[in-house]
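Step one of this worksheet: look at the structure below.
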Protein chains: 4
Amino acid sequence: MPKKPGRPRSERARQAILKAAYNLLIEDGVGRLTIEAVAARAGVGKPTIYRTWANAGELAMAALMARPAAEPSLAATASPLDDLQRQVCQVIDIFSSLRGRQIARMMAASESDSELSKAFRNRIILKCREEGRAILLRAQALETVRRDLDVEVVLDLIYGPIFYRLLVGHGTLDDRFGREIVRSLKEGMVATT
Amino acid sequence: MPKKPGRPRSERARQAILKAAYNLLIEDGVGRLTIEAVAARAGVGKPTIYRTWANAGELAMAALMARPAAEPSLAATASPLDDLQRQVCQVIDIFSSLRGRQIARMMAASESDSELSKAFRNRIILKCREEGRAILLRAQALETVRRDLDVEVVLDLIYGPIFYRLLVGHGTLDDRFGREIVRSLKEGMVATT
Amino acid sequence: MPKKPGRPRSERARQAILKAAYNLLIEDGVGRLTIEAVAARAGVGKPTIYRTWANAGELAMAALMARPAAEPSLAATASPLDDLQRQVCQVIDIFSSLRGRQIARMMAASESDSELSKAFRNRIILKCREEGRAILLRAQALETVRRDLDVEVVLDLIYGPIFYRLLVGHGTLDDRFGREIVRSLKEGMVATT
Amino acid sequence: MPKKPGRPRSERARQAILKAAYNLLIEDGVGRLTIEAVAARAGVGKPTIYRTWANAGELAMAALMARPAAEPSLAATASPLDDLQRQVCQVIDIFSSLRGRQIARMMAASESDSELSKAFRNRIILKCREEGRAILLRAQALETVRRDLDVEVVLDLIYGPIFYRLLVGHGTLDDRFGREIVRSLKEGMVATT
DNA sequence: ATCTAAGCGAGACGGTACGTCACGTCTTGGG
DNA sequence: CCCAAGACGTGACGTACCGTCTCGCTTAGAT
C-alpha cells in the first residue's frame, strides 16, 4: 500500500474550484477565465489551484469534464437509421447550448497535446462519435447499410457538419439540419435518371 | 475632396506590422501573439498598431488575410463531380499546412462577432465553400446531381468533415480522405438490395 | 545631446511613491514596507516602482534620503569644543526620534554593498560625522585639542556610542549622555594623582 | 510534579533545527532564513519548528545563542588597563568574523521587544560589556582610573565605536583600532599646554 | 500490556506579497 | 497629424513562504 504521507488534498476545495471555474466559464467565456477569479470565487488560495492544474486551460477542461455528460444514451430500436437520426438531433441539441459552444471553442483553441487535452477530446468531443459508431456497426450487422462502408469517414460526414456550423456560424443548427444530414447521406446526391 | 490634414499613415509601417504579426503567428501560435512582440519585431510603436487594429485578434486576422489566398481557382471541366473532387483535395492541402491549422484555430477561438471577424470568416473560411457551391450549382444545371438537393447542407457535408478532423485531430487529413468524402456523398450509404 | 527618447518619467509619480514609502516606513517599520502597499497608497502601478528601484530596501533608503537632512549646520563659535558639544546633542536629538531609529535600523540591516546603500550611509549616517570632523580640525588648528590626535578614531568615539545605545537600547539617549561623551573624551579616564 | 503526558520533544530534532538555522544564517544572511528552508535542511516538519519558536527571528536568535560564547574570559592581571586593552581586542576579533557581522545586523534589525530579543541582547551583545565593566570597577578599586568616572558612559565609549564601524563599515576593525580606543580614552584629547 | 496524549515527518490549506508581463493609453521630441 | 520610443495605471500571472491544519506513525508515562 503506497499511501502518500502528508495531509491529503481537500475534496471540498477541489469541488469548489471546479464549480467556480465552470460558472465563470459559462458566464464569461474561456478568455475571461482567470485563476485569480476562480480562487476568489471558490474561497481558495491560488497555489491550491496550481497544485492540481498547470494553467487556466487545463482547469477549464477539467471543469467541463467534471460535469456528468448528462444525456443518457438513447435506446436502440429495430431501426438503426432512426436511432442514428435521433442521436444526431440529440447531439445538435446539446452542442447548440451556450455550454456546448464553449466546449467546442475550447477544444478548437487548445493547442497543447497534453494528456488532459487528449482526454478532454476523447471524453467530450468524441463521445457522441462513438455512440454513432455503435449504431452504424449495428446497422451494418443488420444489413441496413452497406457492408463496404468506410464507417470512420461516414462518422466524420455526420458529426463534422455539426461542428462546422457551430464554430463558423454560417448556418442554423437545429433538428431540420440534423434530419437533412442523415437523409443526404442515405440517399447520396447523384441524379438517378 | 476633404483631403485629411497631417502626415499620412506610413505604408512601410503597415507592411512591417503585418509581416511581423504573420511570422509570430506561424511561429508561436495565436496565444503568443502579443502587440508588444509585434511592435518590437516590426520596429514600430505600439500606438501605431492600435491606430489601425483594435486588439491582437483583429491584427491576427488581418495578418492572415493580407496574404494572398494563393491557390488559384481550378479550371472547370466537363465533369463537375471531378472538379469538386479536385477542389476538395486542394482545400485539404491548404488547411493541412501549419498556417491552415492556425487559421482554423483562430476562427474557432474568436468569440467576437465584430465586422472584421465576419469578414475573416467569409474571406478565408467560407471562400472554398463558395467555390464548392459554384461547382454544385453547375452540376445541378447539367443534371449531374439531383435538382432537389439541399445545396447548403451538402456543402456542410463536404467541408464540415475537413474542419472536424483538422480541429479535433482524430483522423488523418489527406487526399484519400477527400476522395472518400466525395465518393460517400455520391453513393449514399443505404444498402442496395 | 544624448536626450533619451520616449515619455519621460513622471515626477509626480516619483514624489508620490517616495512620500507613500516614507509614511509607511515611519508608521509600520522597515519590515512592513511592501511594494504593493506603496503602490496602492501612492496610486501608482507596481511596475512604475520597479522601474526605478530594484527592491523594497532600495526604495526605503531612497525615501529616507529624499527628505531634506533638515537640521541646519550649527554656527561656529570661538570655542570649538562648545560647538562639538552642541552638535553632538543635536545628533542625539535627531536620531532619538522615531524616524531616527528607523534610519539606524535600516542602515544596520542593509546587507548589500550596492551603490545606493553606500550613498545612503554617506549621506545620512556619516553626514553628522563630517560635521564633527570639521569642528575637530578647526579645534586642532586653534590648538584647542592636541595636534597628534587621531581624528578618525575620536570621531568614532563620539558618534559610535550614540548608535550603540540607539540600536541596543541598553541606556537612555539624551542630552546628558551627549555632554558626558564630550566631557569624558576631554578628560580621559586615568586617575590624576 | 505534574509531569506532562505524551511523547516528549525530540532533542535530536531540536539540535538539527538549530544547526540548520545557524548554517543558513551564516551562508545566506538573516533575510534568507526561511522556516521552510530550515525545515527542509533539518529534515523536520514545519510545525516542529513553530512548536518551539514563534517566528524566523526568534529561531535565528536561538540559533546564534545556542553556540557556546566560545572565547573564555581573559585572566585578570595586575594591570586592569592592560586587561581592558586585551579584552577590547578580543571583542573586535570575535565580531569582525562573518558570524559576528551577522549577529550585529540581527540585533540592529530586530524590532521586537520580546523576551527572547532582550535575552539575545543581554547574552550576546552586552556580554562583553559586562566583562568590561568588571575590569573597570576593579581598576577603580585599585585607583588605576578616576573614582568619579561614569562607568556606563565609558563602557559605551569603548564598545560603541566597535559596533559603529562594524555596522557602518566606514573604517577598518582591527587591533590597532582597539588600541587607539583605549589610548584615546586614557589620555583625553584636550591640548596640554 | 494496553491506553492515551503529545510529538513526529510530511504536506496541503487559505493567504500575502513577490517580481514580471502585457495590456491599452498617454506624452515626449522629431518628421 | 503621424511616427518611434517608452513611461503610465491596471490586472493577471505563476512562485515563494507564511503560519495553520490534517494525516498516519511513533514514543513513552499512566493505567
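As the structure is a computational prediction, the values presented were derived from the model and not from experiment. As a basis for the values below, the full set of heavy atoms in this structure was taken, side chains included, without hydrogen atoms, waters or symmetry mates.
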**Report entry** First encountered from the 5' end of DNA chain F, between Val44(C) and Ala37(D)
**Finding:**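 Between the two, 5'-proximity favours Val44(C).
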Query raised in the report: More 5' along DNA chain F: Pro8(A) or Pro8(D), using each one's nearest nucleotide?
Result: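 Looking at DNA chain F, the more 5' nearest nucleotide goes with Pro8(A).
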Query raised in the report: Reckon Pro47(C) touches a base, only the sugar-phosphate, or nothing at all at heavy-atom distances under 4.0 Å?
Result: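 The answer is base, as Pro47(C) lies within the cut-off (heavy atoms under 4.0 Å) of a base atom.
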**Report entry** Toward the 5' end of DNA chain E, by each residue's nearest nucleotide, Pro5(A) or Asn55(B)
**Finding:**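 Closer to the 5' end of DNA chain E: Pro5(A).
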How many Å lie between [atom1] on [X] and [atom2] on [N], as a whole number?
X	N	atom1	atom2	answer
Ile49(C)	dC18(E)	CD1	C1'	12 Å
Glu36(A)	dA17(E)	CD	P	13 Å
Lys4(A)	dG11(E)	NZ	C1'	10 Å
Trp53(B)	dG24(E)	CH2	P	14 Å
Arg12(C)	dG9(F)	CZ	P	7 Å
Tyr50(D)	dC8(E)	OH	C1'	17 Å
Glu11(D)	dG7(E)	CD	C1'	14 Å
Arg51(A)	dA10(E)	CZ	C1'	13 Å

So [Y] and [X], do their side chains get closer than 4.5 Å, heavy atoms only?
X	Y	result
Arg51(C)	Lys46(C)	no
Asn55(B)	Ile35(B)	no
Ile17(A)	Thr52(A)	no
Arg32(C)	Leu24(C)	no

**Report entry** Phosphate contact (dA12(F) OP1 or OP2) by Thr34(A) side-chain N/O below 4.0 Å
**Finding:**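 Checking Thr34(A) against dA12(F): no side-chain N or O falls below 4.0 Å of OP1 or OP2.
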Query raised in the report: Does Thr48(B) put a side-chain nitrogen or oxygen below 4.0 Å from OP1 or OP2 of dC2(F)?
Result: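 So the side-chain polar atoms of Thr48(B) never come under 4.0 Å of the phosphate oxygens OP1 or OP2 of dC2(F).
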Query raised in the report: Any N or O donor-acceptor pair linking the side chain of Lys46(D) to the base of dG19(F) at under 3.5 Å?
Result: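 Such a pair exists between side chain and base.
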Report task. Indicate, yes or no, whether a donor-acceptor pair under 3.5 Å links the base of dA6(E) to the side chain of Arg7(D). Result ->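 In this structure, the two groups form no donor-acceptor pair.
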**Report entry** Candidates Gln102(C), Arg99(C), Glu27(C) - the one meeting side chain to side chain donor-acceptor pair (under 3.5 Å) with Tyr22(C)
**Finding:**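 Single pass found, and it is Arg99(C).
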